[in-house]
Amino acid sequence: MHHIFLSHPTSYKINIIKSKRMLRKRRGRTSNHASNQVHILQSSSFLCRNPKERLHSKQICSLSFILSFILLFCIIILSVVYTVNARNKRGHIRIGDDIQRDNCGCFPHDGTGARIAYFVTLHNQRTLDDSVVLVRNLAAASNIILIHIDEKMPLESYETSNLKDFIHGECKACEATVVVKRKYNAKWGEWSMNEPTHWSMMELVTNPKFVDQWDVYINLSSDSLPVYTPQVLSNLFQSRKGTNRSGRTDTLRGYNFVTSSSCITGLAPTNINMFPPMWHKRKHYEHLGDFNISFIDNYGEQTTEQLIIHFGSQWMILTPDFVRYLVTSLQDKDSLTSKFKAELIARRVLMSDETFIPTLIANHPSFRQTIPVVERDGALRIKSSEKLSFSIKSVRYERMDENLPDAFGRVVHDQRYQVPDYAIHVDIPREWGPYYLGTYDLGRIKDSGALFIRKVSRTIDPNLHHLLPVTKPEQIPTIRWPSEVKVSGKVNWEPILEYTKRMRGQ
């Protein structure tokens, strides 16, 4: 209702004007209210800033806020899913508490830590079949993997293998840089056993594609298995100058590891003089006298140096400095390294792949400082201020030379895995090994603190491939050999089932 006061003409006019103004204001409020109702569902934040709205507007505001919150939550969830898929189109499969593999079997790697150059050798169908498991467990975008196929194995076997499919197929070797070469025929006991390893070093040092693109060199037999994931291994060899994302400084960078668990002196190579005089290894290397090597030194002078033979392993973890030294010195035919190589070939000694590099390191004034120093219990003494969360007594665990007591009279009582009769494609280990590993060896693997194990095969015990690698030692099951294991033979049920059918008249 409009109130009009009849008093004075002028007053009348003024009241009319006021009434019109009030009418417009009311219409404006009505219009604004209708507009607000339209925009309630579009902007809950606007309504919430207007607490004096009518009761039904407040109810709509509350409902709108709840719907908006649900919508926002859904958007966040979809964004996370999209981001994960964008980072890894293959998707992820969770294994254990904190280990993830994608559908190709690749582990995640954040790009931090050491860039590892791996060299993998394979020489027959069994090692080719097992190599894809090894390469998958090593691969990361920051790693280089060089693979040598022995000439004894037909190249056609590789062309149709799962390994080639993993490297060149959809998985792309987990983005690692992979080179495959078939170049040498390595013969057991001869110098040719060294040639594939030296080829891989030459590639890493002289190929512009690889120069300064790696921080540590590791060579492996294709029937090996890493104990830890690629990220953990990268972190372990991270430069001491920095820290990785776990906040730990590194500890293993700068060492030259040239032994395995079968070495009687642990992490340090064994001086030949530590063996008893009649021990077979010492006799074999000393029967033609000392290794007095004449060579041209860095100053161009002719000199002679006696090298003390040291035994280690053909499987090593080496620094870039030593790898560059070895490659450079082998290119000089008059260097100490080249002359020592020639002497080993001339004497036709066995096991030169286990003595050549360990001897060079142990006799070099600078590189002998990179040999690991061990504590009384055999564990690695860490140089850096940061301690490892587990002790390392061997970087590689293997079972070898258990057919006789060792040079100090020690023996191993544990049983060993044998090759089953049906596995005709699996080579039987030599009497002295290395022997195949299985689940019962996990306790000793854990005790050793090893980073890699050998020799493994899915035919002998596939369970190891389900249990390793891990991200921390606590995840390794402490499973040991019982005092004795005796298992039943496999029953051939076919004749019995056929007889049963005949008896039933079927």
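Keep in mind the model is a prediction, meaning the values are calculated, not measured. Along the sequence shown, the residues carry numbers beginning at 1.
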Side-chain donor or acceptor of [X] paired with backbone N/O of [Y] under 3.5 Å:
X: S338; Y: D334; value: no
X: H148; Y: K183; value: yes
X: N363; Y: I308; value: yes
X: Q213; Y: K209; value: no
X: R396; Y: F452; value: no
X: E175; Y: A141; value: no
X: D406; Y: I264; value: no
X: D441; Y: L437; value: no
X: S221; Y: S224; value: no
X: S157; Y: M153; value: no

Which atom pair, heavy atoms only, marks the closest approach of [X] to [Y]?
X: M201; Y: L318; result: CE-CD1, 3.4 Å
X: P469; Y: P226; result: CB-O, 3.4 Å
X: I371; Y: A362; result: CD1-CA, 3.9 Å

Check the side chains of [Y] and [X] for a donor-acceptor pair under 3.5 angstrom, ignoring hydrogens and angles.
X: Y217; Y: S200; result: yes
X: R458; Y: N463; result: no
X: T337; Y: S335; result: no
X: N219; Y: T121; result: no

Counting only heavy atoms not in [X] (residues, nucleotides, ligands), do more than 12 fall under 6.0 Å from its [atom1]?
X: L155; atom1: CG; result: yes
X: F210; atom1: CZ; result: yes
X: D212; atom1: CG; result: no
X: Q418; atom1: CD; result: no
X: K283; atom1: NZ; result: no
X: N292; atom1: CG; result: yes
X: R348; atom1: CZ; result: no

_Euclidean distance, E398 CD relative to S313 OG, rounded to 0.5 Å_ = 5.5 Å
_CD1 on I361 to OG1 on T359, rounded to 0.5 Å_ = 9.5 Å
_When you measure from the centre of the six-membered ring of Y397, is the NZ or CZ of R444 closer than 6.0 Å and no more than 45° off the axis?_
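So R444 doesn't make the cation-pi contact.
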*Is it the case that R416 places NZ or CZ above or below the six-membered ring of W481, under 6.0 angstrom from the centre and within 45 degrees of the axis?*
no
Between the side chains of [Y] and [X], is the shortest nitrogen-to-carboxylate-oxygen separation below 4.0 Å, so that they form an ion pair?
X: E159; Y: K164; result: yes
X: K187; Y: D150; result: no
X: E402; Y: R399; result: yes
X: R253; Y: D215; result: yes
X: E343; Y: R347; result: yes
X: R480; Y: D447; result: yes

Between [X] and [Y], is the ring centroid distance below 6.0 Å?
X: Y436; Y: Y417; answer: no
X: F340; Y: F295; answer: no
X: Y285; Y: H310; answer: no
X: F390; Y: Y228; answer: yes
X: W214; Y: F237; answer: no
X: W191; Y: H198; answer: yes
X: F275; Y: H280; answer: no

*Test L451 against every option in L233, V227, V232 by the side-chain contact (heavy atoms from CB on, under 4.5 Å) rule and name the one that passes.*
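It is L233; the other options fail the test.
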Please examine the side chains of [Y] and [X], heavy atoms only from C-beta on, and report whether any two atoms are closer than 4.5 Å.
X: Q306; Y: F291; result: no
X: L336; Y: E305; result: yes
X: N124; Y: T127; result: yes

*Assess whether salt bridge (charged side-chain N to carboxylate O under 4.0 Å, His left out) is satisfied between K339 and D332, documenting all intermediate values.*
CA-CA 9 Å; K339 292 297 185 179; D332 179 3; over 6 Å; no
*Taking the SG atom of each, are C104 and C174 under 2.5 Å apart?*
no
*Give me the ring orientation class for Y325 and H364: parallel if the planes are under 30° apart, tilted from 30 to 60°, perpendicular past 60°.*
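Aromatic pair Y325/H364 classed perpendicular.
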